[in-house]
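Note: hydrogens, waters and symmetry copies are ignored here, and every other heavy atom, side chains too, is used. Every chain is numbered from 1, with letters handed out A, B, ... down the list of sequences.
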2 protein chains.
Amino acid sequence: MVRASSPRSAEIRAAALDLFTRLGYEATTMADLGAAVGMRGPSLYKHVASKQDVLVEIMTGTMEALLAAHRSAVASTDDPVERLRRATEAHVRYHARHRQEAFVGNRELRSLVQPHRDRVLGLRAEYERCFRELIEAGAQAGHFTVGSASLASFAILDLGMGLAAWYREDGELTEDAVVWQYSQFALRIVGLR
Amino acid sequence: MVRASSPRSAEIRAAALDLFTRLGYEATTMADLGAAVGMRGPSLYKHVASKQDVLVEIMTGTMEALLAAHRSAVASTDDPVERLRRATEAHVRYHARHRQEAFVGNRELRSLVQPHRDRVLGLRAEYERCFRELIEAGAQAGHFTVGSASLASFAILDLGMGLAAWYREDGELTEDAVVWQYSQFALRIVGLR
DNA sequence: GAGATCGGCTATCAGTTGTTAGCTAGCGGG
DNA sequence: CCCGCTAGCTAACAACTGATAGCCGATCTC
């Protein structure tokens with residue numbers, strides 16, 4: 001049996017997240033993954049269905065968590081500016097705090113087999129649309145100055161992805177410092193006045 | 001013999017660039033690459049030394065071209081603001097016009113074997129330092145308002161990397177439109193006034 | 001305490017991969 | 001005409017990979 005929620009399988013997913021981040025999905029072998037949790041490669045199949053299945057659970061879990069964080073962030077107010085501010089803060093904070101999930105989620109899309117790839121791409125498109133609509137609402141209300149809301153939303157999302165690529169927990173800057181600065185960058189991008 | 005500059009090897013690099021972009025380095029086989037240029041996998045070895053060698057030439061060539069574009073852009077003026085403006089424009093334009101090179105250059109760093117990886121990482125660090133110094137110069141002269149020049153330079157570089165990931169030549173927006181908007185974003189990030 | 005289940009192991013399979021070896025058709029120059 | 005080079009081919013190798021089969025000790029249940 002391959003119960004996806006057993007404590008051992010969660011441990012395996014965590015180790016896989018680390019390996020996928022450092023080596024990439026293709027370059028990570030089941031033997032690597034087994035060694036990371038103290039067993040041989042074939043033994044992993046007592047806990048997970050397949051290598052691809054581990055990736056699928058990591059990536060869909062990540063996108064759903066990101067969307068949940070976004071919904072929670074924007075639900076707390078009706079003010080367009082404040083909604084975008086909280087959304088960008090949640091976005092940046094998620095990418096700082098869960099940089100490995102975000103990194104793998106962005107990087108390994110092409111290793112994902114159908115129909116999972118389309119599903120994750122759909123969630124990403126939905127996430128992007130949420131940001132675009134926030135920007136359009138703020139622009140229409142005269143708070144933002146932006147040529148293309150679509151481009152601005154791409155730019156803000158790209159900031160998070162980039163952050164996930166270089167941020168380190170033990171770096172010079174604290175998480176709060178990076179979140180604050182990057183959120184400010186995002187608000188500058190949409191021309192907040 | 002494996003003359004790196006023969007017309008055939010250039011054709012192979014071009015095909016490899018396309019395949020590495022779409023499938024990734026690990027997932028691209030020599031048989032794939034051969035088929036893309038009308039020959040069998042083993043025949044490629046008449047023109048290139050190895051698969052890794054193809055990647056190395058693509059990535060070092062890309063970083064050197066990017067640095068050259070940067071130097072050319074900043075050499076034309078002494079004004080701090082104008083130097084950053086031209087540097088960001090060059091940065092964004094390169095990532096739009098050579099999106100495949102930039103994409104592979106950013107994505108396949110971990111597929112690069114030593115010492116080539118450190119060499120490319122060194123070039124990237126140098127490129128980032130150039131931007132940081134431009135920002136610091138402009139901030140010291142009172143033109144920019146930014147908490148951390150380092151963070152701002154990361155953000156601007158990340159914009160280019162993100163652009164290379166989603167930009168398509170046949171998309172809605174022209175290259176010039178994207179370059180202008182993204183350059184404006186970059187200047188807003190550093191708080192130009 | 002017998003039996004079943006869990007969770008590890010080794011052996012093995014079948015497929016794939018980068019690369020080398022060796023052959024050969026075509027072609028240009030003497 | 002023939003030598004030698006270029007640039008392709010097939011065959012083959014050695015290594016590796018994800019996954020399966022089957023064994024076995026430990027632990028739990030009744």
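- Here dC6(C) presents its C1' atom at 12 Å from CE of Met39(A), a figure rounded to the nearest Å.
- Going from atom OH of Tyr45(B) over to atom P of dC23(C) covers 21 Å, rounded to whole Å.
- The CG-C1' distance, from Leu55(B) to dG18(C), rounds to 15 Å in whole Å.
- Atom NZ in Lys46(A) sits about 13 Å away from atom C1' in dG25(D), given to the nearest Å.
- Residue-level contact check: Thr29(A) touches the backbone only, with heavy atoms under 4.0 Å from sugar-phosphate atoms and none from bases.
- Between Arg85(A) and Glu89(A) there is no salt bridge, since no side-chain N of the basic residue sits under 4.0 Å from a carboxylate O of the acidic one.
- When rounded to the nearest whole Å, the span between CZ of Arg40(B) and C1' of dC23(C) equals 16 Å.
- Results of the side chain to side chain contact (heavy atoms under 4.5 Å, CB included) test with Tyr25(B) over Leu19(B), Leu55(B), Val54(B), Leu112(B) single out Leu55(B) as the only residue that passes.
- Side-chain atoms of His91(B) and Tyr127(B) form a donor-acceptor pair, as typed in the model, at a separation below 3.5 Å.
- Looking at which nucleotide of DNA chain D each of Pro42(A) and Ala27(A) is closest to, the 5′-most match is held by Ala27(A).
- Atom CE in Met30(B) sits about 20 Å away from atom P in dA11(D), given to the nearest Å.
- Comparing dT19(C), dA19(D), dG8(C) against the side chain of Ser50(A) picks out dA19(D) as the nearest.
- Going from atom CD of Gln52(B) over to atom P of dT19(C) covers 9 Å, rounded to whole Å.
- Put simply, the side chain of Lys51(B) and the base of dG18(C) share no donor and acceptor less than 3.5 Å apart.
- Looking at Thr77(B) and Glu82(B), their side chains never bring a donor and an acceptor atom within 3.5 Å of each other.
- Side-chain nitrogen and oxygen atoms of His47(B) include at least one within less than 4.0 Å of the OP1 or OP2 phosphate oxygen of dG8(D).
- Listed nucleotides dC9(D), dT19(C), dG18(D) differ in distance to Ser43(B); the shortest reach to its side chain belongs to dC9(D).
- Looking at Ile135(B) and Ile156(B), their side chains come closer than 4.5 Å, going by heavy atoms from C-beta outward.
- If you measure from atom CG of Leu33(B) to atom P of dT17(C), you get 13 Å, rounded to the nearest angstrom.
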